[in-house]
Amino acid sequence: MTQFKSELLITLEERGFIKQISKPEALDARALEGPITGYIGFDGTANSLHVGNLTMIMVLRIMQKTGHRPIALMGGGTSMVGDPSFKSTDRPMLTLDDINQNLVGIKSIFAQFLEFGNPDDKNDPKAIMANNADWLCELNYMEFLRDYGVHFSVNRMLSFEGVKNRMDRDQHLSFLEFNYMILQGYDFLELNRRYGCDLQIGGSDQWGNILNGVELTRRVDGKEVFALTTPLLETASGQKMGKSEGNAVWLNEENLPAYDYWQYWRNTEDADVGKFLRMFTELSITEIEKLEKAQGAELNDVKKILATEVTKMARGEIAALKAAETARITFETGGLSADLPSIEIEKSEIESGLGILTALVKAGLASSNGEARRHIKGGAVRLNDQIVKDERLTLMLEHLNEQQVVKLSIGKKKHMLIKPV
RNA sequence: GGGGGGAUGCCUGAGUGGUUAAAAGGGGCGGACUGUAAAUCCGUUGGCUAUGCCUACGUAGGUUCAAAUCCUACUCCCCCCA
């Protein structure tokens with residue numbers, strides 16, 4: 001294991017962000033010399049980002065905090081093609097408009113984590129948001145082939161892990177998709193030319209693609225740039241990160257209320273607590289080491305700290321503390337917090353008798369009447385903390401409590417308030 | 001371009017005329033146990049105004065009392081040869 005000297009690599013290392021580095025010593029030395037410009041690519045296919053992207057965002061944030069310049073590269077160009085690896089879906093190609101609209105949403109999330117500056121000012125040390133559509137869409141095929149295609153060895157590309165796997169499993173790999181890695185390599189070269197970018201960071205599955213860019217930049221412009229990958233993030237029990245109730249855990253309030261975001265982190269597995277504290281909070285390492293000593297049920301308090309810290313960053317301190325308090329009231333005192341996620345329903349609808357099934361669906365606790373019915377049968381549904389046994393029960397104004405709301409729950413963890421208006 | 005194989009529910013994958021809303025596993029969800037954890041066990045997993053009805057086995061037609069299952073065309077994928 002290399003002993004790093006630069007604050008950047010030391011921090012990334014101790015927080016568990018490093019899986020592989022192309023030339024660790026040289027990169028370390030470069031980081032000591034002066035600010036590095038590093039980039040990570042993000043998909044522009046959704047209007048938001050989720051917990052699965054958080055690792056990358058945190059790496060960019062660490063770059064900025066240690067005095068380097070991060071670039072968030074939107075895959076506007078590559079999204080136009082659509083990722084062909086999901087070949088079953090025949091999904092419509094995203095238009096430039098869609099992508100640009102998505103980028104607006106994504107940018108607002110980044111703004112929570114990074115400080116952006118003026119991309120045209122070479123001396124502005126703040127973060128940059130770039131879009132590869134700006135250069136990929138203007139490429140001329142013949143020129144591109146002659147200028148850059150010549151530097152790619154098919155033999156070599158075939159030997160990359162990702163490609164090899166596909167071949168071994170006899171899985172279709174289109175030429176389009178094969179070109180992905182070339183375009184990504186070109187991105188690196190282009191970012192180096194535009195912003196002096198010397199580092200590309202990505203998930204460990206990106207290793208081969210990143211190296212292509214490193215190679216290309218060296219061959220074409222004779223510049224040395226670096227690759228760094230982060231470990232693939234899974235929970236200790238091997239689940240993919242970032243799904244809760246089958247839905248993505250979004251980083252923005254509009255897609256997921258702070259309370260639910262807080263809950264996601266509160267429900268972290270014991271074995272992941274230390275890892276997550278390191279990666280997703282900015283508590284000091286000594287502090288984290290202290291917290292990690294907690295055993296068994298004591299870990300519950302540490303999980304609360306984790307949840308609050310992580311929520312602070314994405315949603316701000318006020319929202320985080322409020323979420324923590326709401327959870328405390330709900331789970332620890334059995335009381336009713338008015339800050340639980342809620343929906344508003346017309347008062348007249350309740351007056352005329354709102355079926356419990358419909359209410360559950362409206363509250364988003366069940367996706368269909370059938371599912372709501374099954375939950376009632378399974379004894380999972382509660383109305384104001386009373387188990388509901390009758391699926392024909394109707395909500396009436398008498399069900400409103402002192403605070404003029406009705407609390408609907410499914411299971412022990414999911415609660416919604418219904419507010420008549 | 002020639003020959004062969006295939007497309008099934010969230011995913012993998014059985015099913016080759018009626019008993020099939022479709023085996024099995026995974027995943028999801030709920031329950032028990034706990035610590036709002038993991039592991040384990042149990043239940044559940046198309047929709048509806050529900051002893052019935054509708055939608056569903058790549059797409060469009062056809063045969064049949066009856067089709068995921070048979071026929072025709074189309075689309076897409078895989079393999080072998082060129």
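Labels below follow one simple rule: chain letters A, B, ... track the order of the sequence lines, proteins then strands, and each chain is numbered from 1.
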- Item | Which residue lies more 5' along RNA chain B, comparing Ser367(A) with Asn300(A) via nearest heavy atoms | Asn300(A)
- Taking the side chain of Lys303(A) as heavy atoms from C-beta outward, which of G30(B), G47(B), A37(B) is closest to it? A37(B)
- Item | Lys414(A) vs G30(B): side-chain N/O to OP1/OP2 distance below 4.0 Å | yes
- Message: Can you measure Glu371(A) atom CD to G30(B) atom P for me and round it to whole angstrom units?
- Response: 9 Å
- Task: Mind checking Glu332(A) for me? I need base, sugar-phosphate or nothing, with any heavy atom below 4.0 Å counting as a touch.
- Result: nothing
- Item | Asp272(A) CG to A37(B) P, straight-line distance once rounded to whole Å | 14 Å
- In terms of the nearest nucleotide of RNA chain B, which residue is placed more toward the 5' end: Ala380(A) or Asp270(A)? Ala380(A)
- Between C1' of A37(B) and CG of Asp301(A), the distance in whole Å: 13 Å
- Query: Looking for any heavy atom pair under 4.0 Å, which part of the strands does Thr268(A) touch: base, sugar-phosphate only, or nothing?
  - Reply: sugar-phosphate
- Item | Complement of A32(B), any strand, by Watson-Crick or G-U distances under 3.5 angstrom | U40(B)
- Note on the structure: Of the listed A37(B), G30(B), U36(B), the closest approach to the Glu269(A) side chain comes from A37(B)
- Message: In whole Å, measure the gap between the C1' atoms of A22(B) and U45(B) for me.
- Response: 14 Å
- Report which part of the nucleic acid Ala271(A) touches: base, sugar-phosphate, or nothing (heavy-atom distance under 4.0 Å, all strands). nothing
- Item | Nucleotide paired to G1(B) in any strand shown, Watson-Crick or G-U, under 3.5 Å | C81(B)
- Message: Checking side-chain polar atoms at under 3.5 Å, does Tyr186(A) have a donor or acceptor matched by the opposite partner on Glu190(A)?
- Response: yes
- U36(B) base to Gln263(A) side chain: any donor-acceptor pair below 3.5 Å? yes
- Task: Return the minimal non-hydrogen interatomic distance between Ile71(A) and Cys197(A), and the atom names on each side.
- Result: CD1-CB, 4.2 Å
- Length of the line joining Asn267(A):CG and G35(B):C1', which is rounded to integer Å: 11 Å
- Task: State which of A38(B), U45(B), U36(B) makes the closest approach to the side chain of Arg374(A).
- Result: U45(B)
- Query: Considering Watson-Crick and G-U wobble pairs with both distances under 3.5 Å, what does A73(B) pair with?
  - Reply: U59(B)
- Task: Using a 4.0 Å heavy-atom cut-off across all strands, classify Lys377(A) as base, sugar-phosphate, or nothing.
- Result: nothing
- Which heavy atom in Lys312(A) sits nearest to a heavy atom in Ala320(A), and how many Å separate them? N-CB, 3.5 Å
- Note on the structure: To the nearest angstrom, the NZ-C1' distance between Lys412(A) and A37(B) comes to 14 Å
- Mark yes or no for a side-chain to base donor-acceptor pair under 3.5 Å between Asn369(A) and G47(B), with no hydrogen or angle criteria applied. no
- Message: Testing the basics here: between Arg61(A) and Met313(A), what is the closest heavy-atom pair and its distance to 0.1 Å?
- Response: NE-SD, 3.7 Å
- Query: For G35(B), does OP1 or OP2 lie under 4.0 Å from any side-chain N or O of Lys413(A)?
  - Reply: no
- Minimal non-hydrogen separation, Ser6(A) against Asp28(A), with atom names: OG-OD1, 2.6 Å
